[in-house]
Every structure is written in structure tokens, then in C-alpha cells.
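Beneath this line is the structure, given in C-alpha cells, with notes to follow.
Chain identifiers are assigned alphabetically (A, B, ...) following the order of the sequence lines, protein sequences preceding nucleic acid strands; residue numbering begins at 1 within each chain.
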Number of protein chains: 2
Amino acid sequence: MEQHGYHHGNLRRVMLDAALHAISESGPTGWSLRELARRAGVSHTAPAHHFGDKTGLLTAVAAEGFELFAGAIESAGEDFREVGVAYVRFAVQHRAHFQVMFRPELYRPDDPAVAPARNRAAGILAAGGQSLSPDPARARLTTVAAWSTAHGFAELWLSGALADAAEIDPEVYARDLIELAFGHLR
Amino acid sequence: MEQHGYHHGNLRRVMLDAALHAISESGPTGWSLRELARRAGVSHTAPAHHFGDKTGLLTAVAAEGFELFAGAIESAGEDFREVGVAYVRFAVQHRAHFQVMFRPELYRPDDPAVAPARNRAAGILAAGGQSLSPDPARARLTTVAAWSTAHGFAELWLSGALADAAEIDPEVYARDLIELAFGHLR
DNA sequence: AACCCTATCTTTCCACTGGCAATTTCAGGC
DNA sequence: GCCTGAAATTGCCAGTGGAAAGATAGGGTT
């Protein structure tokens, strides 16, 4: 909100938001660093100081994404089906983050800002799968099955492949769908 | 296999294969048209004659992908669970095609070479869902549920998110997982 | 108050990219 | 043999990501 002089004062956040906006509109690679810098009113190399390079900016997006994501599914409660719904809700509400997070070739997945958050999220999913699984030996399989269902629905929805369902609230659809596939487990 | 003179003779196919190779290695946008042309031994504008522009090349990849894909799931038989396995097998064996097909912002999804093949594939999936669904009124939901599970597993596998399962044959894993989620339907 | 230290941002430069326009080569039908 | 159109070429342009080096602000230190 401040008037910028030579020093912007908030460039990191502004660039991140600009990137998220651009990603939502044109996909994770459909924009240029220079364009973002222009909109932020700074020179085209200013962002380098905060992110290093374009990959660094995407790494920051992924890191923030995994943080938000872990929080979102963590606060979904005990019922693993609601975790799945929260998964889909996150993908829809934070589509830019989501579209970067699961394309590791776009960023540096081993970055110390990314890996911990990702592992935290993976742990939450694994715990949920364990609680859902009738057979402890198949906990991992159950986790991956439910994860796949939520993830696949989110991807298909975001890609527009489910255009015929565009009218319906994706969360409601996701809940029905998870119930259909995993409701028989208890 | 012919020696190239001024006219390459097979440029279209060679460029497609080069693109598929590049996509497998660096993702659907991690390469340049010029680099591909260089490897094919032609000038950097030669591909334009066959594909128009870069988007045109990706459109051709998507079109070929949907053709192959429709064939693959069509020949998987009646059992819808085997269709899911074929879905995953296709994604693994043709990962470059797959990674383009479901990112419509990368190509021209309304291209006449793409849309028919995509619709054909969608029809096969819908028919499978219908045969799987106990309740005809919920056929669409069942289709989307099974589609999501297969798609999500394929995406997670390709992205490396299931690194812990890297040892296991993805087809076998997919079969178990589909059985877990949809085996109770008959 | 003068100093310097560091983070931040600018200017300048380079190789590379996608795409357009004009031109050249070549192959096969007449 | 020639002529026509498909297939490639060269040359050009604006835009891109990134490196290098300089400029500026805004403290802390003394």
C-alpha cells in the first residue's frame, strides 16, 4: 500500500501474488518474469534479488502452496472423506498453487522451503488412510487410492475435462464421489 | 531412414517424435522449437510448414494422444476395472502424450484433429461407467469417480509423488487400488 | 555528524526464442 | 523439359531469462 520510491518495500509478496494471478489465467508457464515486474512497477531484474530466477519464483509458489495445503487438509477433521473434500476445495480455491505443486519439473522440489511442508502434508494423508483402512497392512494402498481419487477429480475439474458438470459445486460432487468409492469402508 | 536432401521427407513424424522425447525429459514446455529443428537437421522455421506454430505442434501431439488413448481403453475389454488399468498403462507408456492431453491451455482443444478422438474416448469411459453403476441414475457419478481414481493415480505416479512405490509395477498397483475402491460394485 | 554496510533495485548487455516475410530448392505431372 | 506448388531456407524482429556492474536507501556504529 505504500508509495514506492527506489525501494519497493513489498516486492516479494507482490511478485508472488502477480505470479499466482498469471498462473490462474495462463497456466504455470504462460507468462514472463518481465511482464510481472512491469506490472509491479519495477525493473525486470528486481525479482531476481528475491527469488534468484524464474524457477525460484515457482519454488516459492510451491512452498507456499504446500504450507497452505497442509493447513487445509489438517483442519478438515478426522473423517477421511472430509479430508478428500478439503483436498478438492483447496485445488479449486488455490488453483495456481495446486497447478505448480504437482509439477516438480517446474521448480526445485528439494528446496528446504518446500520439502518439509510437502512431507507434513504427506503425513496427514497417510494418517487419514490408516484410519480408513480396515486392514493395517493395506493402509498404504488405501491412502493412495483415496489420494488418487481426490487428486484426479481435482485435476480433471481444473483442466475442464468435466465441463458437463460445470454447473455443480465441485465440493458437493467430490463428497458424493468419495462416498461412492470409499463409503463401504468403515 | 532416407538421406535428407533439401527436402527432409519425413519431417512431420520426426518433429513429433522429437517433441515427445523432449516432453518426456523436460515437461510439455521445457524445450524449444528451434532445438528440435536443430536435432532434426533442418532450419528453425521448417516445422512451421507442418504445424504452423508451437501450439500447432502440441495440438498434433494431443490429437495423436487421444487417438492412441481411445484405442488403448477400447481394447481393454468389458470389465471396467481393466479399463482403469489400461488408462494407467497408457499414461505410463505414453507419458508425453498424456501430459499434454489434459492441459488444454497448451494446445487448441477445439481443433478438428483433437475433438473427435477426445469425444470417442469420453464415450468409452461413459459406457464403462454405465456398466459398472448399480443405479443408472448415478452412472455419470460412477464414471467420474472411476475416471478420477485412474487419472489421479496416473498423475501422481508420473509426477513422482508416489516415489515410495517406485519399485512396484504401476499397473499392478493400479489394479489393486481400483479393486479396493470399486470392487464392491457389481 | 560522518561513515560504511547491506539489502534492494536499476541499467546495460548477451544469447536465445517464436514467428513473420521473402526467397530458394526440388519433385512430379503435364 | 517446364511449371507449379510444397517444402525448406535465410534474414529479420520484438520479447525473454539471466549475468554483471552500478546506484540508492536506510539503517547501525562510532
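Distance B:Arg12 CZ to D:dA6 P: 16 Å, rounded to the nearest Å. The CG atom of B:Asn10 sits 19 Å away from the P atom of C:dC26 (whole-angstrom rounding). Per the geometry, CH2 belonging to B:Trp31 stands 12 Å off C1' belonging to C:dT17, to the nearest Å. If you take CG of B:Leu36 and P of C:dT17, they are 10 Å apart, rounded to a whole angstrom. Counting to the nearest Å, the C1' atom of D:dA25 and the NE2 atom of A:His49 are 13 Å from each other.
For A:Asp169, there are no side chain to side chain donor-acceptor pair (under 3.5 Å) partners two or more places apart in sequence or in a different chain. Under the ring-ring contact (aromatic ring centres under 6.0 Å, His included) criterion, B:Tyr107 pairs with no residue at all, not counting sequence neighbours. Here A:Arg118 pairs with nothing under the side chain to side chain donor-acceptor pair (under 3.5 Å) rule; sequence neighbours left out. Applying the side chain to side chain donor-acceptor pair (under 3.5 Å) rule to B:Glu25 yields no partners; only residues at least two apart in sequence or on another chain are considered. Residues forming a side chain to side chain donor-acceptor pair (under 3.5 Å) with B:Asp17 (at least two apart in sequence, or on another chain): B:Arg13.
In this structure, the nucleotide among C:dT10, C:dT17, D:dT16 sitting nearest to the side chain of A:Arg38 is D:dT16. Closest to the side chain of A:Ser43, out of C:dC9, C:dT17, D:dT9, is C:dC9.
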Exercise answer: donor-acceptor pairs, residues 122-129 of chain B side-chain atoms, under 3.5 Å, sequence neighbours excluded:
none

Identify each donor-acceptor pair in which a side-chain atom of residues 152-160 of chain A lies under 3.5 Å from a protein atom, sequence neighbours left out, and give them as a table.
residue	atom	partner	partner atom	Å
A:Glu155	OE2	A:His151	NE2	3.3
A:Ser159	OG	A:Glu155	O	3.4
A:Ser159	OG	A:Leu156	O	3.1
A:Ser159	OG	A:Ala161	N	3.4

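Sorted by first then second residue, the ring pair (Phe, Tyr, Trp, His ring centres under 6.0 Å) pairs that include residues 18-52 of chain A, not counting sequence neighbours, number zero. Each salt bridge (charged side-chain N to carboxylate O under 4.0 Å, His left out) pair with one or both residues in residues 133-149 of chain B, not counting sequence neighbours, appears once here: A:Asp164-B:Arg140.
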Look for any protein N or O under 3.5 Å of an N or O in nucleotides 11-14 of chain D and output each such pair with its distance, or none.
residue	atom	partner	partner atom	Å
D:dG11	O6	B:His44	NE2	3.2

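Within residues 50-58 of chain B, the residues that have a heavy atom under 4.0 Å from DNA chain C are, in order of number, B:Asp53, B:Lys54. If you check residues 13-29 of chain B against DNA chain D, you find no residue with a heavy atom closer than 4.0 Å.
You'll find the ring centres of A:Phe69 and A:Phe98 outside the 6.0 Å limit.
Taking a cutoff of 4.0 Å between a charged side-chain nitrogen and a carboxylate oxygen, A:Arg175 and A:Glu179 do not qualify as a salt bridge.
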